[in-house]
Structures are given as structure tokens and as C-alpha cells.
Amino acid sequence: MLTAFARAFKTPDLRRKLLFTVGIVAVFRLGSTLPTPGVDYTQINACISAAGTSNSVFGLINLFSGGALLQLSVFALGIMPYITASIIVQLLGVVIPRFETLRKEGHSGQAKLTQYTRYLTIGLAVLQSTGIIALARAHRLIPGCTRDVIFNRIGVWGIIVMVVIMTGGTTLIMWLAELITDRGIGNGMSILIFTSIAAGFPSSLWAIKLAKGWPVFLMVIAVGLALVALVVFIEQGQRRIPVQYAKRMVGRRMYGGTSTYIPLKVNMAGVIPVIFASSLLYIPTLAASLGTPTSAWVIWVENNFTLGDHPLYMALYFGLIIFFTYFYVAITFNPDEVSEDMKKYGGFVPGIRPGRPTAEYLGYVLSRITLPGSLYLGLIALIPLVALTLLNASPNFPFGGTAILIVVGVGLETVKQIESQLQQRNYEGFLR
Amino acid sequence: MAVALEIVLVITSLLLTVMVLLHKGKGGGLSDMFGGGMSTSLGGSSVVEKNLDRITVAIGLVWLVAIIGLDLVLRYT
């Protein structure tokens, strides 16, 4: 394991890529701590330490931005607008026929979709930065905070400058992510989320130690490690459907005749269902924070949805995750297309006729194997909520739910990519 | 002083956005975001891209310096 690390750094090509990625991450973290001009840094820090990160409305989004959101830093919005834009464009691919044709067009169509995603990102960044600055000015960003976190004297012009800066910052993050994808290791977007979440780990762990003492602290770490093992185990799990390719003679050469397999992972959808579900459930809270605080529906939403320890919230969360898992698997893996491709190149699943029966078979296996996958996603995502009610811990329980799924998923993927690059020079990598 | 820095910031922010948008998007879709395929694109960057990179980095540096400057000016006046 360690020799593999040493070897990764000895390979000049790989070393350059790794150092480049580390450099970009450093720039990203620097921007996440730099306050936007106009923000009163001392006041906002006083507010955050008074309120704690626990009962914030923006829990998940703040988690994704590594705590930068509540500090109103230059990179406050983080990678979130880019993700939201990608999700929207991906979903529109099902609804709007033009997007559907673009998606099937191959490389040029994908490039066009990417360009749309980038425009949409900037639009979303303008909207979100305006919203967040407005909330901060109305003292509603951090609950129970009545200090002026934005200088009053900067006026409307100053607010406009803040919005422009935050939008520029979000654009810059988008570029940084693309640079990592292009010249570094791994996928830029996921690496940046990974760093944001991982950056929050030490402080929230230490908060548990300060609040509860050593025994609980050690127990949390043990539970966390066990969870990581479980997540790795299930993420690696796959069913291999054997595919046999017929031999063909083309000229004097013999082609095909190989037997391979289609890997169907237990969790094909990755962590996306969790992100979808939590962003959907966050909408009522957001709407309530804009409504009048005394009306009945606002009170109901605040009682049931804000902290997430209500049974109704948990049930809804679980149900949405299962729904989105199936939904996303249906978008990304189309049994009809796969069986059609197999037929074209003379492949077949032993014992099943090519064409429609194969598609039916693949669909059957897929829907069966996704059920435990979706249940697993739902259960892992519910862990912080359950821990919240049982242990009386904070909802941003560091080793829970979304955070652990993203960190482990991204880590596995990146290590696999480093390994495949290592194998171009010599065998034996990190994973056996 | 503050107003000058603010004008510089607005201009550089807009320029930065335009420059980043001029780059060819290489982020790819969501499908390769979490547990996706290995889509390492070959083919290096062209001269145009290289120059664009340089300009973007230069604007980014000006932007960063202006932000730090405005932070300090607003803090200590």
C-alpha cells in the first residue's frame, strides 16, 4: 500500500498531476476562507460560534461548501450551483426532446450540454448569492443572530458588488473543477465536494469531544470506521452478467469469441439520490424562512421539517431516496440500448435469446439488484438523523449519511483512477 | 479608494466570468461525477486555450488582490 504511494510519486507524469490537484485544492480552500468585501468578519464569527452549526437551516448546503456559506466568503456558494445545474440539465434530458437528441449525439452533443450547464450555473449563482445576501441582511441567515453581519454603510451599490464578486467566485470554482478533471486526477466536481466535506470533519469531531468527552468521541470514531468499511463493501458489490461474443471471420482474421461480463453494481446511482432527496426536503424550510413567522403553515414546517428528527421527515426522506435511486438508474442504464448494442456486435447472454428477451432479462436483474442498493442508501442516509434522536448529538454528525457516502465514493473512484494510471507503468496498485 | 476598488472588482468579475465561459467545458455530465467511467480525454490544449489560460489566471490574480484590498479598506475605515 505505502510502496504504491511512493511509486505514484516516483512516476513523473502522475506526480505532476497529483501536485496540480493539490495546488488547485489549496486555492479552493483559500478562497473559502477569504471574506467577501462588505462582510463584518468579527460579527459573523461571533454569531456562528454562538449558534453552532447544528440548527442551521442551511445544514446540508453549508456542509457541501465546507462551512464557507455561513461565513459569506468569496466561494460561499461552493460547487453547489454547478451541481444543481448539472442535475437540472440531466433531468431536462428526459423531458425536453431537444436535450434528449443532444444527449444521444455523442461528443459534440455532450459538449453543447456542458456549455448549457455552465450558463445555467452562472444564472443560479446570481440568484443564490442575491438570496443569501438578502437573508444575511435581514438577520435570518443564522438563527438567533441579531448582529449586523454586513456593514450597513455600504448601501445598495455595495450589495451589488458583493453579488457580482460571489458570482465571479462561483465561476472560478467551476473553472477550477474543470482544470482538475482535465489535467489533474479524478473528477473535479467530486474532488472539490470531497475537500469541502473533509475540511469540516476535524472541527465537528472536536466539537463532539468537547461536548461529550473522550468515551463518546472514541465511540463515534469506531462507528465511523465501521460505516466506512460497510460503505466500501457495498459500493464494490456487483453482479456480473456473462456475455459471450460470437466468433467472426473478417478477411483472414478471426474476431470475437471472447467472453466478458456486464457489471451491474448494487448501487448504480451512487450518492445522487441522497443529494436529490435532501435538496427537495430543504425546499419547505427555505419557503418557510421567507414567509411570515407567525402563520400556521410556517410553524408546522418549522416543527416538522427543520431539524429532521421528526418521524414524518424521516419517512419522507427514506421514500424519496428509494424513488430517486430507481429513477436515476432508469436514466443512466437503459436495458434496451444495451441489448441492442450487444446484438449488433454478436454478443449474447448464455441461455437467453438476443434482442427483446435479453433486454427483459437485464431489466429484471437490474430492478432486483437495485432494491437492496436503494434500501442501503436510505439507511445510511438516515444514520445521522437516528443518531440525532438517540444520542442527542448534533445533526451534522460527521460520520453520517451524505457526507460518508460522498467521501467514500469519491475516494474509491480517485484511487481507482490513480491505479489505472500506475498500471500503465507497472502492475500492483492500491487495491487487490 | 473603496469606490475605485469596487469598480475594478466589478470589471474583473465580469471579465473572469466571460473568460471562463470561453473555455471549452470539460467537466462532463453528472454520470461520471460519482462513480463514473474512465473518460480521460486525450489531445492536448491548443495555443488558443493556453493563452486563454494565461489571461484567466492574470485576471484572477488582479481580482484576488482587489478583494483583499477592499476587505482591508472596509475593515479599517
Side-chain angles (χ1 to χ4, degrees), chain A residues 31 34-41 74 82-83 86-87 89-90 103 110-111 113-115 117-119 122 151 154 157-158 160-161 164-165 167-169 171-172 174-175 177-179 181-183 187-190 235 265 267-272 332 405-406 409-410 412-413 416-417 420-421, chain B residues 2-45 49-50 52-53 55-57 59-77:
Chain A
L34 189 67
T36 312
V39 169
D40 198 337
Y41 193 65
V74 176
Y82 197 21
I83 295 177
S86 314
I87 291 175
V89 169
Q90 197 84 6
R103 203 152 58 103
Q110 272 308 340
L113 277 187
T114 312
Q115 206 60 24
T117 312
R118 305 167 92 220
Y119 294 143
I122 290 167
F151 292 121
I154 59 173
W157 163 245
I160 293 173
V161 172
V164 170
I165 289 173
T167 311
T171 324
L172 198 62
M174 189 169 79
W175 191 51
E178 284 169 0
L179 279 180
T181 311
D182 196 23
R183 281 176 227 166
N187 178 284
M189 258 201 256
S190 28
E235 290 286 328
K265 286 171 77 180
N267 175 23
M268 289 262 267
V271 70
I272 290 171
T332 46
L405 283 172
I406 292 176
V410 174
L412 272 180
E413 212 42 56
K416 264 186 205 156
Q417 206 171 340
S420 78
Q421 300 232 350
Chain B
V3 175
L5 277 174
E6 278 170 351
I7 291 172
V8 169
L9 268 177
V10 169
I11 292 172
T12 46
S13 297
L14 293 180
L15 273 180
L16 198 63
T17 311
V18 172
M19 285 300 152
V20 170
L21 282 182
L22 278 180
H23 280 88
K24 238 185 280 158
K26 285 183 179 133
L30 260 189
S31 46
D32 53 37
M33 183 170 146
F34 302 104
M38 303 281 176
S39 55
T40 33
S41 58
L42 297 171
S45 47
E49 285 269 299
K50 238 176 221 164
L52 207 54
D53 279 354
I55 297 172
T56 318
V57 169
I59 294 176
L61 284 179
V62 174
W63 184 72
L64 185 71
V65 171
I67 285 179
I68 295 175
L70 189 57
D71 261 334
L72 294 177
V73 167
L74 284 179
R75 186 80 185 77
Y76 295 108
T77 44

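Chain letters run A, B, ... following the sequence lines, proteins first, then strands; residues in each count from 1.
At a threshold of 4.5 Å between non-hydrogen side-chain atoms, the residues B:Leu9 and A:Val164 do not count as touching. Considering only heavy atoms from C-beta on, A:Pro35 comes within 4.5 Å of B:Asp71 through its side chain. Residues A:Thr171 and B:Leu16 are not in side-chain contact: their nearest non-hydrogen atoms beyond the backbone lie 4.5 Å or more apart. Side-chain contact between A:Leu34 and B:Leu64: present, with at least one pair of heavy atoms (C-beta onward) separated by less than 4.5 Å.
For a residue to count as touching a neighbouring chain, one of its non-hydrogen atoms must lie under 4.5 Å from one of that chain's; by this rule A:Ile122 touches chain B with the side chain only. Within the 4.5 angstrom heavy-atom criterion, only side-chain atoms of A:Val74, from C-beta onward, approach chain B. In this structure, chain A has no heavy atom under 4.5 Å from any part of B:Leu5.
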Run the numbers on A:Trp157 and B:Val10 for side-chain contact (heavy atoms from CB on, under 4.5 Å), then give the verdict.
CA-CA 11 Å; A:Trp157 163 245; B:Val10 169; 4.1 Å; yes

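When each of A:Ile165, A:Val89, A:Val161 is checked for heavy-atom pairs under 4.5 Å with chain B, A:Ile165 comes out on top. Among the candidates B:Thr12, B:Leu14, B:Leu70, B:Leu15, the residue making the largest number of heavy-atom pairs closer than 4.5 Å to chain A is B:Leu70.
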